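Notes to accompany the following structure.
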Amino acid sequence: MLIRVIPCLDVRDGRVVKGKQFDQIVDVDDPEVLADYYSKAGADELVFYDITATNEKRNVSLDFIEKVVEKITIPLCVGGGVKTLADFTNIMDKGANKVSINSGAVKTPGLIKEASEKFGSKAVVLGMDIKKVGEDNWRIFTNGARIDTGLDAVEWAIEAVKLGAGELVVNSIDADGMKEGYDIELLNTLASAVSVPVIASGGAGKLEDFVEAATKGKASGVLAASVFHYKEIEIGDLKQYMKSKGLEVSL
């Protein structure tokens, strides 16, 4: 199985930002500049999240999507504030290959089915912001990790896949930005429960973390932000390391 390496760009007010555990947000760079850099650096995909769209009760900003698409030669996934099929369609029409839905899917699960029927399941990515609340118990949070939905993460993943979600981005709120490794137990639990690709998100800090997510965590892709943005880890070096550990990657 080919393991995808995916930089994540959180966008606020037209700028890429990064924080820790959804807090302490700091400015990083221009989305177009980073998109161009990652496309040339060997990233397999890019994920853009308009991180305040849902909480501010607005749609994802569409302005940057067309500009970014012009700069890259790899698939683009966009999320943030997607509540309706029209929102989904607007993003796809701007050139995105996939749309990530999180809060909107929790409120309207039927949106997953509608979108997968119109665009195919591979275009429908379920974003999952997850926090551990007890032994082997994880819950879904929405609105930028501000609201505890009470939904069991594993049950929600299974339901979403039945509705047509073609991929899960599993983001650990506890590990987000901490650079202490992905939540391997969470990844393994979800990857074992569903038949679609699971993308690891939240916590990457060193080369070994990515390998562990793909091996012990059974992740089909590894997503990270700050370690790539600040060039603490170069994508080419990461892929060579992953290959040296027996993982299949595109070089």
Side-chain angles (χ1 to χ4, degrees), residues 1-6 8 43-47 49 74-79 82 85 88 91-92 96-132 136-142 149-173 175 182-204 209-224 242 245-250:
M1 177 178 67
L2 188 71
I3 307 298
R4 287 171 283 153
V5 175
I6 308 169
C8 175
D44 296 301
E45 294 180 18
L46 283 181
V47 174
Y49 288 122
I74 55 178
L76 173 66
C77 176
V78 176
V82 179
L85 188 61
F88 204 107
I91 292 171
M92 294 291 284
N97 306 91
K98 302 175 181 180
V99 175
S100 177
I101 49 180
N102 184 345
S103 301
V106 170
K107 292 176 182 175
T108 314
L111 177 59
I112 299 172
K113 190 170 188 293
E114 287 182 76
S116 66
E117 288 175 349
K118 182 171 183 178
F119 295 102
S121 62
K122 288 186 178 179
V124 183
V125 177
L126 182 72
M128 305 177 72
D129 293 330
I130 302 172
K131 194 174 183 68
K132 194 166 189 177
D136 300 325
N137 188 4
W138 295 273
R139 276 203 208 129
I140 298 293
F141 282 66
T142 59
T149 66
L151 278 176
D152 178 85
V154 179
E155 291 175 2
W156 173 228
I158 293 169
E159 180 185 351
V161 170
K162 285 180 181 176
L163 287 168
E167 187 167 279
L168 309 179
V169 173
V170 177
N171 188 43
S172 168
I173 296 169
Y182 296 101
D183 187 330
I184 301 302
E185 184 185 7
L186 172 61
L187 288 171
N188 187 287
T189 299
L190 286 171
S192 300
V194 299
S195 57
V196 301
V198 167
I199 308 302
S201 173
D209 294 335
F210 295 90
V211 171
E212 192 173 43
T215 53
K216 295 179 181 177
K218 299 181 184 175
S220 300
V222 285
L223 181 151
M242 292 171 73
K245 296 299 180 180
L247 292 171
E248 186 180 350
V249 293
S250 64

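As a basis for the values below, the full set of heavy atoms in this structure was taken, side chains included, without hydrogen atoms, waters or symmetry mates. None of these values were measured; they are calculated from a predicted model.
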Quiz item: Do Leu190 and Trp138 come within less than 4.5 Å of each other through their side chains, counting heavy atoms only?
Solution: no
Quiz item: Given side chains that start at C-beta, do those of Val198 and Ser220 come closer than 4.5 Å, heavy atoms only?
Solution: no
Quiz item: Rounded to the nearest 0.5 Å, how far apart are CG of Leu46 and SG of Cys77?
Solution: 10.0 Å
Exercise. Tell me, with the steps shown, if Glu114 and Phe119 meet side chain to side chain contact (heavy atoms under 4.5 Å, CB included).
Key: CA-CA 9 Å; Glu114 287 182 76; Phe119 295 102; over 6 Å; no
Exercise. Could you check if a side-chain atom of Ile3 sits within less than 4.5 angstrom of a side-chain atom of Met242, using non-hydrogen atoms only?
Key: yes
Practice problem: Kindly give the heavy-atom pair with the smallest separation between Leu168 and Ala157, and that separation in Å. | Solution: CD1-CB, 3.8 Å
Exercise. I would like to know whether Asp136 and Glu185 meet side chain to side chain contact (heavy atoms under 4.5 Å, CB included); could you show each step before the answer?
Key: CA-CA 9 Å; Asp136 300 325; Glu185 184 185 7; 2.6 Å; yes
Practice problem: Flag the pair Glu117 and Lys113 as a salt bridge only when some basic side-chain nitrogen lies within less than 4.0 angstrom of an acidic carboxylate oxygen. | Solution: yes
Exercise. Classify the ring geometry between Tyr182 and Phe210 as parallel (under 30°), tilted (30 to 60°) or perpendicular (over 60°).
Key: perpendicular
Exercise. Over all heavy atoms of both residues, which pair between Ala165 and Val196 is shortest? Give the atoms and the distance, please.
Key: O-CG1, 3.7 Å
Practice problem: Spell out, as yes or no, whether a donor-acceptor pair under 3.5 Å connects the side chain of Thr108 to the backbone of Gly110. | Solution: no
Quiz item: Rounded to the nearest 0.5 Å, what separation is found between the CD1 atom of Ile6 and the CD1 atom of Ile199?
Solution: 4.0 Å
Quiz item: Looking at Ser103 and Thr142, what are the two nearest heavy atoms and their distance?
Solution: OG-CB, 3.1 Å
Quiz prompt | Test log, rule side chain to side chain contact (heavy atoms under 4.5 Å, CB included), inputs Val106 and Leu151 | solution = CA-CA 9 Å; Val106 170; Leu151 278 176; 3.8 Å; yes
Quiz item: Phe141: what forms a ring-ring contact (aromatic ring centres under 6.0 Å, His included) with it, not counting sequence neighbours?
Solution: none
Quiz item: Quick check: are there more than 12 heavy atoms from other residues, nucleotides or ligands sitting under 6.0 Å from NZ of Lys132?
Solution: yes
Quiz item: Distance from Met1 atom CE to Leu247 atom CG, nearest 0.5 Å?
Solution: 8.5 Å
Quiz item: Is there a side-chain contact between Ile101 and Val125, using heavy atoms and a 4.5 Å cut-off?
Solution: no
Self-check item: CD1 on Ile130 to CG on Asp183, rounded to 0.5 Å
Solution: 8.5 Å
Quiz item: Which pair of heavy atoms, one from Ala213 and one from Val222, lies closest together, and at what distance?
Solution: CB-CG1, 3.9 Å
Quiz item: Quick one: OG on Ser172 to CG on Leu186, what's the gap to the nearest 0.5 Å?
Solution: 6.5 Å
Exercise. Provide the closest heavy-atom pair for Leu223 versus Cys8 in the form atom of the first, atom of the second, distance.
Key: CD2-CB, 3.2 Å
Quiz item: Nearest 0.5 Å, what's the CG-CG distance between Asp129 and Asn102?
Solution: 5.0 Å
Practice problem: Tell me, with the steps shown, if Asp44 and Ser250 meet side chain to side chain contact (heavy atoms under 4.5 Å, CB included). | Solution: CA-CA 8 Å; Asp44 296 301; Ser250 64; 2.5 Å; yes
Self-check item: Residue pair Asp209 / Ala204: nearest heavy atoms and the distance that separates them
Solution: OD2-C, 3.9 Å
Quiz item: Which residue pairs pass the side chain to side chain donor-acceptor pair (under 3.5 Å) test when at least one of the two sits in residues 155-170, sequence neighbours left out?
Solution: Arg4-Glu167, Lys98-Glu167
Quiz prompt | Test side chain to side chain contact (heavy atoms under 4.5 Å, CB included) applied to Ile91 and Leu76, Asn97, Val78, the passing residue | solution = Val78
Quiz item: Should Tyr49 and Asn171 count as side-chain neighbours, where that means a heavy-atom distance under 4.5 Å?
Solution: no
